[in-house]
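The structure appears below as structure tokens.
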Protein chains: 2
Amino acid sequence: MRPNKRDELVQKALIIFYRNGFHATGMDMLVAETGISKTSMYKHFRTKEDLILAVLRLRDELFRNWMVRRMEEIGKTPKEQLIAMFDALGEWFSKPEYRGCMFIKASAEYQEAEHPIHAQAATHKKLLYGHVLKLAENANVTDPGTLARQLLLLKEGAIVTAHLGHSKNPAGDAQRAAKILIDAALS
Amino acid sequence: MRPNKRDELVQKALIIFYRNGFHATGMDMLVAETGISKTSMYKHFRTKEDLILAVLRLRDELFRNWMVRRMEEIGKTPKEQLIAMFDALGEWFSKPEYRGCMFIKASAEYQEAEHPIHAQAATHKKLLYGHVLKLAENANVTDPGTLARQLLLLKEGAIVTAHLGHSKNPAGDAQRAAKILIDAALS
DNA sequence: TCCAATAGTTACTGATCTGTACATATATCA
DNA sequence: TGATATATGTACAGATCAGTAACTATTGGA
């Protein structure tokens with residue numbers, strides 16, 4: 001049984017927490033849905049919070065890898081890659097299992113900035129900002145920091161709006177806005 | 001005791017749910033922090049869910065009234081009022097008790113679109129869209145629907161980002177982006 | 001003063017929560 | 001085969017969860 005039970009737990013817990021929320025998911029539900037015994041879980045993680053932190057670390061890795069890869073596949077130049085972020089978002093939103101951003105939800109359930117789970121969610125956003133900032137710099141825009149933050153505002157807004165479901169095509173709306181902002185920053 | 005106990009409960013529960021989250025706030029905590037007996041609570045509301053729905057209705061009323069009023073106080077023309085939305089957001093973010101948008105958090109804890117709490121959150125966003133759409137129409141922009149949705153993407157993004165706290169001035173970034181989008185929609 | 005509505009107190013149910021104790025099974029490697 | 005690590009099953013502790021029952025106190029209006 002070398003293929004780690006710990007990793008299996010984190011992967012399965014990720015899906016369940018994403019679908020069901022953090023407080024609303026009890027350890028007994030994890031036992032029932034993963035088939036992994038509670039004793040094993042508590043051997044790998046001292047507390048539920050530790051498990052959630054491991055889940056968020058995995059999610060951060062998976063999500064950023066996926067997002068960066070899609071942006072590079074769709075766009076060639078830095079400017080195209082920035083615009084491609086919203087194509088990738090559109091793909092994500094159209095998946096049937098889409099339920100919004102796990103980090104926004106984590107920060108909604110663990111609100112205090114000092115809480116480790118909240119802090120981990122903030123770290124994810126910071127790391128993504130780093131990537132977008134680099135692209136904005138390479139696109140030679142005036143004030144790349146501002147443009148990067150503005151594009152990410154559109155991204156977060158689209159994520160929330162896609163989950164709240166009162167808009168038909170938030171990724172498309174965001175992308176059209178992004179193009180205008182990028183062009184304005186290039187002149 | 002004409003000044004309704006029911007209203008008092010909803011007002012106090014609003015503050016507690018906003019600060020503490022929905023699942024994380026038990027009825028016993030509400031009893032302890034409001035001083036209202038559990039029997040009274042369950043005389044006014046059949047379930048915790050019913051209480052939450054009443055809280056969200058109040059929040060919708062208070063928030064939209066406040067936002068519309070501030071926009072009208074700060075901006076004269078429809079265009080100025082659209083831009084003023086982000087001044088109002090900045091005021092909100094700087095309040096010490098700021099904890100993000102209650103409706104985003106509600107939809108994060110009650111994820112299924114069919115859930116009454118989720119639906120109520122979506123309704124709030126729809127109502128706000130109606131107001132912004134009317135302003136965009138009165139500002140005589142081309143495609144007011146798209147502009148209204150894009151401005152609201154910036155708004156939701158700023159709200160999330162202000163709560164996740166990795167950005168210094170999300171309302172300012174959003175406002176500068178909003179001005180560019182509005183000007184582009186006017187030409 | 002009496003009625004009726006609204007409030008509170010206390011104690012409870014049964015379920016579920018996180019986390020643990022303890023004894024047993026299984027798999028790998030020497 | 002035997003040692004060690006890792007997994008399991010079951011049962012539990014103690015707290016908390018939403019919601020209820022039965023009874024009492026307070027209030028406003030007629």
Side-chain angles (χ1 to χ4, degrees), chain A residues 1-58 105-106 108-112 115-118 120, chain B residues 1-58 105-106 108-112 115-118 120:
Chain A
M1 202 158 289
R2 280 298 86 210
N4 215 336
K5 207 85 179 174
R6 187 197 135 106
D7 294 347
E8 184 193 338
L9 168 59
V10 176
Q11 285 167 25
K12 290 185 174 174
L14 165 47
I15 295 170
I16 298 166
F17 278 129
Y18 182 62
R19 189 205 322 133
N20 208 62
F22 297 100
H23 283 95
T25 301
M27 298 302 278
D28 289 318
M29 182 190 285
L30 291 178
V31 170
E33 297 214 16
T34 64
I36 297 169
S37 72
K38 207 193 279 197
T39 324
S40 291
M41 291 183 183
Y42 278 99
K43 220 152 253 168
H44 288 298
F45 300 99
R46 263 187 49 258
T47 63
K48 181 184 179 183
E49 182 179 314
D50 282 354
L51 172 59
I52 292 175
L53 288 171
V55 163
L56 291 183
R57 274 191 293 272
L58 174 62
K105 294 195 290 197
E109 292 206 44
Y110 303 90
Q111 307 200 60
E112 304 79 20
H115 195 294
I117 293 177
H118 189 107
Q120 183 118 333
Chain B
M1 202 158 288
R2 278 302 83 207
N4 217 333
K5 207 83 178 176
R6 188 198 135 107
D7 294 346
E8 184 193 339
L9 168 58
V10 176
Q11 285 167 26
K12 290 185 173 173
L14 166 47
I15 295 171
I16 299 166
F17 279 130
Y18 182 63
R19 187 203 324 131
N20 208 60
F22 297 99
H23 284 94
T25 302
M27 297 302 278
D28 289 317
M29 182 190 284
L30 290 179
V31 171
E33 297 216 16
T34 65
I36 297 169
S37 72
K38 208 193 275 198
T39 325
S40 291
M41 291 183 183
Y42 279 99
K43 222 155 251 167
H44 288 298
F45 299 100
R46 262 187 50 257
T47 62
K48 180 184 180 183
E49 183 180 314
D50 282 354
L51 172 59
I52 292 175
L53 287 172
V55 164
L56 291 183
R57 273 190 295 272
L58 174 62
K105 294 193 291 198
E109 293 205 45
Y110 302 90
Q111 306 201 59
E112 304 79 21
H115 195 294
I117 293 177
H118 189 106
Q120 182 118 333

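Any value given below was found using the heavy atoms of this structure, including those in side chains, with hydrogens, waters and symmetry copies removed. In what follows, every chain begins at residue 1, and chains take the letters A, B, ... in the order their sequences are listed. Here the structure is a predicted model, which is why all the values come from computation and not from measurement.
- Put simply, Ser37(B) has no side-chain N or O that comes within less than 4.0 Å of OP1 or OP2 on dA7(C).
- Contact check for Met27(B) versus Lys48(B): side-chain heavy atoms found under the 4.5 Å cut-off.
- Not one N or O on the side chain of Lys38(B) forms a donor-acceptor pair closer than 3.5 Å with the backbone of Asp28(B).
- A donor N or O paired with an acceptor N or O is found under 3.5 Å between the base of dT9(C) and the side-chain atoms of Thr39(B).
- Using a 4.0 Å heavy-atom cutoff across all strands shown, His44(A) reaches sugar-phosphate atoms only and no base atom.
- Distance CZ (Arg6(A)) to P (dA7(D)): 11 Å, rounded to an integer number of Å.
- Per the geometry, CG belonging to Asp28(A) stands 15 Å off P belonging to dC12(D), to the nearest Å.
- Between the Lys105(A) side chain and the Gly21(A) main chain, no donor and acceptor come within less than 3.5 Å of each other.
- With hydrogens and angles ignored, no donor-acceptor pair closer than 3.5 Å exists between the side chain of Thr47(A) and the base of dG19(C).
- Going from atom NZ of Lys43(B) over to atom P of dA25(D) covers 15 Å, rounded to whole Å.
- Look at CG on Leu9(B): it is 14 Å from C1' on dT6(C), rounded to the nearest Å.
- Look at CG on Leu51(B): it is 10 Å from P on dG19(D), rounded to the nearest Å.
- With Val10(A) as the fixed residue, the side-chain contact (heavy atoms from CB on, under 4.5 Å) test singles out one of Val55(A), Ile52(A), Asn4(A): Val55(A).
- To the nearest angstrom, P of dT6(C) lies 13 Å from CG of Asp7(B).
- Positionally, the nearest nucleotide of DNA chain C for Met41(B) lies more toward the 5' end than for the other of Met41(B) and Thr25(A).
- The distance from atom CE of Met27(B) to atom C1' of dG19(D) is 8 Å, rounded to the nearest whole Å.
- Counting to the nearest Å, the P atom of dG19(D) and the CZ atom of Arg46(B) are 9 Å from each other.
- Ring planes of His115(A) and Tyr110(A): tilted class, angle from 30 to 60°.
- The base of dG19(D) sits within donor-acceptor range of the side chain of Lys38(B), with an N or O pair under 3.5 Å.
- Taking only side-chain nitrogens and oxygens, Lys5(B) comes nearer than 4.0 Å to OP1 or OP2 of dG8(C).
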